[in-house]
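See below for the structure under consideration.
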Number of protein chains: 2
Amino acid sequence: MFSKSCEYAIKAMIFVAQKSKDEARVSLKEIAKGTDAPEHFIAKIMQELGRKRLVQSIKGPNGGFYMTEKNLQTSITDIVKAIDGDKLYLDCVLGLKACSEVNPCPVHFEYKEIKRNLIKMMDTNTIGKFNEKLDSGSFFLKNL
Amino acid sequence: MFSKSCEYAIKAMIFVAQKSKDEARVSLKEIAKGTDAPEHFIAKIMQELGRKRLVQSIKGPNGGFYMTEKNLQTSITDIVKAIDGDKLYLDCVLGLKACSEVNPCPVHFEYKEIKRNLIKMMDTNTIGKFNEKLDSGSFFLKNL
DNA sequence: AAATTAAAAGAGTTTTTTATCTTTTTATAA
DNA sequence: TTATAAAAAGATAAAAAACTCTTTTAATTT
């Protein structure tokens, strides 16, 4: 479904949102530990998320990653598109470039409905929403 | 979503079902052409599908692939599990090994519903069903 | 201003997936 | 029974994804 990079990206975004309340910064080390990701690998991902302004970063002592109010409105879709591109949103499940409504692959109409639900879910779930839910400590990011 | 191998497998299964009516055999070359797949690559995939008895094969002149009535009842799920394994069915979307109902990842419950629909679609759509629909020439397997 | 801290950037390496090429086996037909 | 056709099997190669290491840049703090 998602690439490994994208899985890490989603987890990292949620992690930073949680840990960076009231101006606090979260370091790469903390993000790596908190999401069970290889440090240098998640570094690349955070760079990309930073470049695309889905998260903020500051270098130097006391530096790290944090989020603005706007960043908290980032949806799963925003993250997926930033890391994996929009192939999940646009491409045919069977990989047929020519597949469309008028030239459908065998599973086109069956998959259409699934995809609609999937996209709706990813569009409506934002980092901020997860953040609220998390305050109850009811879900997990680490592989225990 | 699916691996390239799996995309080819689904297309190939549908192609063989269509072309192998009344005892006819379909050759690797035909399958490769009909599904826009590299011949030697689809050969490996057909071997695997053959080993798992999702399709029949006969060597030698006039040999090739064909399907029994039982093979026509193969679902998308059967093909996906044969080629990609059951990670799509079992694994957490964020790749967390420990994710479960009692230890959910942030998107667990959101994704649960999507997954249920997806699996239902893949379980209920069989090669035979597609085959019927195809008789009307209403869908495509090739990349034009 | 110098030392230090932490992310950014660049340059590999490893592993997995996708694809190709060659040889062997099996069945058919001349 | 030999030649041939076609899949099976094995081995290799290329490309992509995942991961690691090193150097540079930017911000702080002393």
Side-chain angles (χ1 to χ4, degrees), chain A residues 1-12 15-16 19-20 23-33 35-67 80 83-85 87-88 91 94-95 143, chain B residues 1-12 15-16 19-20 23-33 35-67 80 83-85 87-88 91 94-95 143:
Chain A
M1 177 79 71
F2 305 139
S3 71
K4 214 95 214 295
S5 297
C6 193
E7 291 176 8
Y8 289 141
I10 297 169
K11 287 190 274 185
F15 185 77
V16 172
K19 296 282 172 174
S20 73
E23 302 297 297
R25 279 83 182 260
V26 192
S27 75
L28 275 171
K29 258 193 193 75
E30 290 176 273
I31 298 172
K33 271 191 189 168
T35 61
D36 261 324
E39 191 181 328
H40 291 98
F41 191 48
I42 196 90
K44 293 291 171 191
I45 296 164
M46 294 310 294
Q47 260 174 54
E48 187 59 25
L49 293 172
R51 250 182 250 118
K52 302 213 166 130
R53 304 287 171 217
L54 300 189
V55 70
Q56 310 302 314
S57 76
I58 293 189
K59 290 183 182 178
N62 261 306
F65 296 84
Y66 66 98
M67 293 199 162
V80 172
I83 303 298
D84 284 348
K87 51 185 191 304
L88 182 60
D91 291 5
L94 298 186
N143 247 329
Chain B
M1 177 79 72
F2 304 139
S3 70
K4 214 97 215 293
S5 297
C6 193
E7 291 176 8
Y8 288 143
I10 296 169
K11 288 190 273 187
F15 185 77
V16 172
K19 296 283 174 175
S20 74
E23 304 297 297
R25 278 82 180 261
V26 193
S27 75
L28 275 171
K29 258 195 193 71
E30 291 176 273
I31 298 172
K33 270 191 189 169
T35 62
D36 261 323
E39 192 181 328
H40 291 99
F41 192 49
I42 197 88
K44 294 290 171 194
I45 295 165
M46 295 310 293
Q47 260 173 54
E48 187 59 25
L49 293 172
R51 250 183 249 118
K52 300 214 166 130
R53 305 286 172 220
L54 300 190
V55 69
Q56 309 303 314
S57 76
I58 292 189
K59 289 181 181 180
N62 262 307
F65 296 84
Y66 66 97
M67 291 199 165
V80 173
I83 303 299
D84 283 348
K87 51 185 191 303
L88 183 60
D91 290 5
L94 297 186
N143 247 329

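Counting 5' to 3', DNA chain C first comes under 4.0 angstrom of a heavy atom of chain A and last does so at the ends given by C:dT4 to C:dA11.
With DNA chain D read from its 5' end, the first of the two nearest nucleotides for A:Pro38 and B:Glu39 is the one closest to B:Glu39. Projected onto DNA chain C by closest heavy-atom contact, A:Ile58 and B:His40 fall at different nucleotides, the more 5' of which corresponds to A:Ile58. Where B:Met46 and A:Ser5 meet DNA chain D, the nucleotide closest to each residue was compared, and B:Met46 sits on the side nearer the 5' end.
Counting any heavy atom pair closer than 4.0 Å across all strands shown, A:Val55 reaches no nucleic acid atom. Residue contacts for A:Gly64: at a heavy-atom cut-off of 4.0 Å it reaches the sugar-phosphate backbone alone, with no base atom in range. A:Arg25 comes within 4.0 angstrom of nothing in the nucleic acid, heavy atoms only. Within 4.0 Å (heavy atoms only), A:Lys29 reaches no atom of the nucleic acid at all.
The nearest whole Å value for the distance from the CD1 atom in B:Ile42 to the C1' atom in D:dA8 is 15 Å. Look at CD on B:Glu48: it is 10 Å from P on D:dA9, rounded to the nearest Å. Computed from coordinates, the A:Gln47 CD to D:dC19 P distance equals 16 Å when rounded to whole Å. One interatomic measurement links the two molecules: CD of B:Glu30 to P of D:dA6, which rounds to 9 Å at whole-angstrom precision. Atom pair A:Ile31:CD1 and D:dC19:C1' shows a separation of 17 Å (rounding to whole Å applied).
Annotation: side chain of A:Glu7 is in contact with side chain of A:Lys4 (closest heavy-atom distance under 4.5 Å). The closest side-chain heavy-atom distance from B:Ile83 to B:Tyr8 is not below 4.5 Å. Residues B:Met1 and B:Leu88 have side chains in contact (heavy-atom distance under 4.5 Å, counting atoms from C-beta outward). Using a 4.5 Å cut-off on side-chain heavy atoms (C-beta onward), B:Gln47 and B:Arg51 make contact.
Side-chain N or O atoms of A:Arg25 include none that pairs as donor or acceptor with a backbone N or O of A:Gly63 at under 3.5 Å. Side chain of B:Asp84 to main chain of B:Ser3: a donor-acceptor pair is present (N/O by atom type, distance under 3.5 Å, no hydrogens or angles).
Salt-bridge annotation for A:Glu48 and A:Lys52: present, with a side-chain N of the basic residue lying under 4.0 Å from a carboxylate O of the acidic one.
Looking at residues two or more places apart in sequence or on another chain, you find no ring pair (Phe, Tyr, Trp, His ring centres under 6.0 Å) involving B:Phe65.
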Interface polar pairs with nucleotides 23-26 of chain D, N/O, under 3.5 angstrom:
{"from": "D:dT25", "atom 1": "O2", "to": "A:Lys59", "atom 2": "NZ", "distance (Å)": "3.4"}
{"from": "D:dA26", "atom 1": "O4'", "to": "A:Lys59", "atom 2": "NZ", "distance (Å)": "3.4"}

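Between D:dA11, D:dT29, D:dT20, one nucleotide has an atom nearer to the side chain of A:Phe41 than all others, and that is D:dT20. Which of D:dC19, D:dA9, D:dC21 sits closest to the side chain of B:Lys44 comes down to D:dA9.
For A:Ala9 against A:Leu49, the heavy-atom pair with the smallest separation is CB-CD1, 4.1 Å. A:Leu28 and A:Ala43 make their closest contact through CD2-CA, 3.6 Å (heavy atoms, listed as atom of the first residue, atom of the second, distance).
Residue A:Tyr8 places no side-chain N or O under 4.0 Å from the OP1 or OP2 atom of D:dA18. Applying the 4.0 Å criterion to OP1 and OP2 of D:dT29, one finds that A:Asn62 has a side-chain N or O inside that range.
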